[in-house]
Amino acid sequence: MAIASPSTPSFSASLCSSRTESTRFTRFSSVSFTRQVLQPRLSTRRLAVASRLNSSSPSGAGGSVSPDNGGELHEYELFHGFSPQRRRRGSPVFVTLPVDAVDASGQVRRRRAMAQSFRALSAAGVDGVVMEVWWGLVERNEPRVYDWRGYLELVALARRSGLKVRAVMAFHQCGTGPDDPHWIPLPLWALEEIDKDPDLAYSDRFGRRNMEYISLGCDILPVLRGRSPIQAYTDFMRNFRDAFRPFLGVIITGIQVGMGPAGELRYPSCPSQKLTWAWRSRELGEFQCYDKYMLASLNACAREIGMREWGNGGPIGAGNLMHDPEHTEFFRSDNGSWNTPYGAFFLEWYSGMLLLHGERICREAETIFRGTEVHISAKLAGIHWHYSTQSHPSELTAGYYNTSTRDGYLPIARMFGRYGFAICCTGFEMRDVEEKQMNPASSPEGFLRQLLLAARVCDIPLEGENSAASLDDESFQQVLKMWKFYSNGVEKPSFSFNLTRMDKNMFEYQNWARFTRFVRQMSDASIFRAKLGPGGDMNLSSMLDATRLGLAFAYS
């Protein structure tokens, strides 16, 4: 049974987590997605990019990438966001590229299909693409040796197609293992350090290690060959900025900074590959506080408030993954330990460590990209399968101290707002009426409304995403519904949507028709027209006919 003391002094995570760090508070300025992104004088000159990479790169990746289009921007580039004449009245739509858009050797995969896809997206009125930039590919073999070639090529292709780019700084693992076709591990040199010190990986109470993301417990310790994880992420972002500087604010208009598993600011309480169906099994998740670095922090905080016995590990009585929360001592509604002084201490420390991790990365990213005119965002997880309970166990184990008596998302939104970050969140297509049939405790709409209200209160731009690759009309209508909920009454709402993700199914005739209709609804435009080069207009249906046969099998 968890130890509790009614006379325990109140606890603030800042007492232990951040008192040695100064926090810079900056006023958040509202972001508009409709600003002019290219000065007119750029329309008559070539845009050449020289990327000076580390000369010791084994691939010899130096030289230059020149996305030259013949000396001037084509008409369709001017139409698709590079012209002050273009004004979007609604909200922009982006499409996330395939995970394996760039392979392990740094090359763009399926170049021809990718080029066709980009032109089709441009014709449909899509604003741009979301490009995941994997730490495990770019800095794969040696620290501070970066290979940006494939990503430079994708950005050049987007430019020629009249598309913008949102780049995701992906500091996490992708896939479940070497047998997964989408397997992208952390950098090999970082994995070598984890082999030497397994406590660099998160651990639960059973000693199970999670390798998706380096434990935030060692954020500022020089555990990666003399650098801390925060320093490694900072160096990566700074080198990205330098390599892509001519594109920033022009082609690359957004940077999403990864902060945890699946790029989300959270603990790996449940393996990422299970999050797509965790609501079906109603998993509670496991507290990830058992590596030696997390335990040292917990122990120090418990000693500081004079409650040493509270610092030996996570909560007792949290149950097993498959337990009904009402059958556990910690999560049950009546007299659950989560609602005691001990529970408040632990959960404030646990969520406070996550907030501190996010703040450290926000501070570095804001400094690095300051003056580049890119919008910066971070992603939160849409964990909803215990939202209708009192204790919200699956949110608590993920690091979101959100219960029936406490708003856990407002502090996160305020933190992002201080650094001018937008919030990205998934699950916009999910409906309570469907989810509650399989799990009555689930409420994706309830969760999302709470997060959207926090974003509105803090005047933070919002990026929506879908959690499943569903392209039916009901899903698109649900996205529009949540978009209107966020935008209702807001004078200048800043909302955009990232469709996850581009694959062969997207270009099948019926799916493509539904998607283009959704883009029109998001843009609030009655007519879509794209001038594809000096030859004049190309009808959208003609574009579909010309590409769908090739694209239907290109992503298999």
Side-chain angles (χ1 to χ4, degrees), residues 12-14 23 25-33 91 256-257 259-260 263-267 347-348 350-359 361-362 366 375-430 432 442-465 467 478-479 481-498:
S12 172
S14 62
T23 301
F25 293 88
T26 58
R27 181 176 179 84
F28 183 88
S29 58
S30 182
V31 178
S32 171
F33 288 95
S91 296
Q256 185 183 118
V257 185
M259 297 186 176
E264 299 164 339
L265 180 62
R266 64 173 174 86
Y267 292 99
L347 293 171
E348 285 192 26
Y350 190 68
S351 62
M353 288 288 284
L354 188 68
L355 269 174
L356 179 59
H357 175 68
E359 184 136 17
I361 296 180
C362 282
E366 191 277 332
H375 309 307
I376 313 178
S377 66
K379 190 174 182 180
L380 296 182
I383 298 178
H384 53 80
W385 39 98
H386 290 107
Y387 188 82
S388 297
T389 67
Q390 298 257 350
S391 61
H392 297 225
S394 47
E395 291 167 78
L396 298 184
T397 55
Y400 304 145
Y401 189 3
N402 189 59
T403 67
S404 60
T405 58
R406 187 182 191 277
D407 188 340
Y409 298 107
L410 194 56
I412 299 174
R414 286 172 176 158
M415 183 265 291
F416 285 150
R418 287 197 295 270
Y419 293 94
F421 272 56
I423 291 180
C424 178
C425 188
T426 189
F428 270 71
E429 87 287 8
M430 303 185 77
D432 280 3
S442 174
S443 180
E445 292 185 57
F447 153 76
L448 202 51
R449 285 193 181 95
Q450 182 180 350
L451 182 62
L452 299 188
L453 287 173
R456 286 183 53 166
V457 166
C458 298
D459 192 25
I460 293 178
L462 194 68
E463 298 175 11
E465 283 189 6
S467 59
Q478 183 65 18
V479 173
K481 173 184 174 181
M482 300 312 295
W483 166 45
K484 291 175 182 177
F485 175 83
Y486 169 75
S487 304
N488 185 37
V490 179
E491 183 178 355
K492 293 182 179 180
S494 293
F495 180 84
S496 60
F497 186 76
N498 302 329

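The shortest heavy-atom contact between Gly427 and Leu448 is O-CD2, 4.0 Å. Scanning all heavy atoms of the two residues, the minimum distance from Glu445 to Met430 falls at CG-O, 3.7 Å. The heavy-atom pair separating Pro461 from Asp459 by the smallest distance is CD-O, 3.9 Å. When every heavy atom of Thr426 is checked against every heavy atom of Gly382, the shortest pair comes out as CG2-N, 3.9 Å. For the pair Ile460 and Ala413, the tightest heavy-atom approach, listed with the atom from each and the gap, is CD1-O, 2.8 Å. Taking every heavy atom of both residues into account, Lys379 and Gly263 meet most closely at CB-O, 3.9 Å.
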(request) Tell me, with the steps shown, if Thr403 and Gln390 meet side chain to side chain donor-acceptor pair (under 3.5 Å). (result) CA-CA 6 Å; Thr403 67; Gln390 298 257 350; over 6 Å; no

(request) Apply side chain to side chain donor-acceptor pair (under 3.5 Å) to His384 and Ser442, showing your working. (result) CA-CA 6 Å; His384 53 80; Ser442 174; 2.9 Å; yes

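Contact check for Cys362 versus Arg418: no side-chain heavy atoms found under the 4.5 Å cut-off. For the pair Asp432 and Pro444, the minimum side-chain heavy-atom distance is below 4.5 Å. Inter-residue side-chain proximity for Tyr400 and Leu451 is flagged as unmet; no heavy-atom pair is nearer than 4.5 Å. A 4.5 Å side-chain heavy-atom check between Phe447 and Tyr409 finds at least one atom pair inside the cut-off. Proximity of Tyr387 to Asn402: side-chain heavy atoms (C-beta onward) are separated by under 4.5 Å at one or more points.
Arg456 places a side-chain N or O within donor-acceptor distance of the main-chain N or O of Asn488, the cut-off being under 3.5 Å. Using a distance-only test at 3.5 Å, with no hydrogens or angles considered, no donor-acceptor pair links the side chain of Ser377 to the main chain of Ala422.
The SG atom of Cys458 sits 14.5 Å away from the CZ atom of Phe421 when rounded to the nearest 0.5 Å. In this structure, Ser443 OG and Arg449 CZ are separated by 7.5 Å, a value rounded to the nearest 0.5 Å.
Aromatic rings from Tyr350 and Tyr401 are positioned such that their centres are separated by 6.0 Å or more.
Using a 30° and 60° split on the angle between ring planes, Phe497 and Phe428 fall in the perpendicular class, above 60°.
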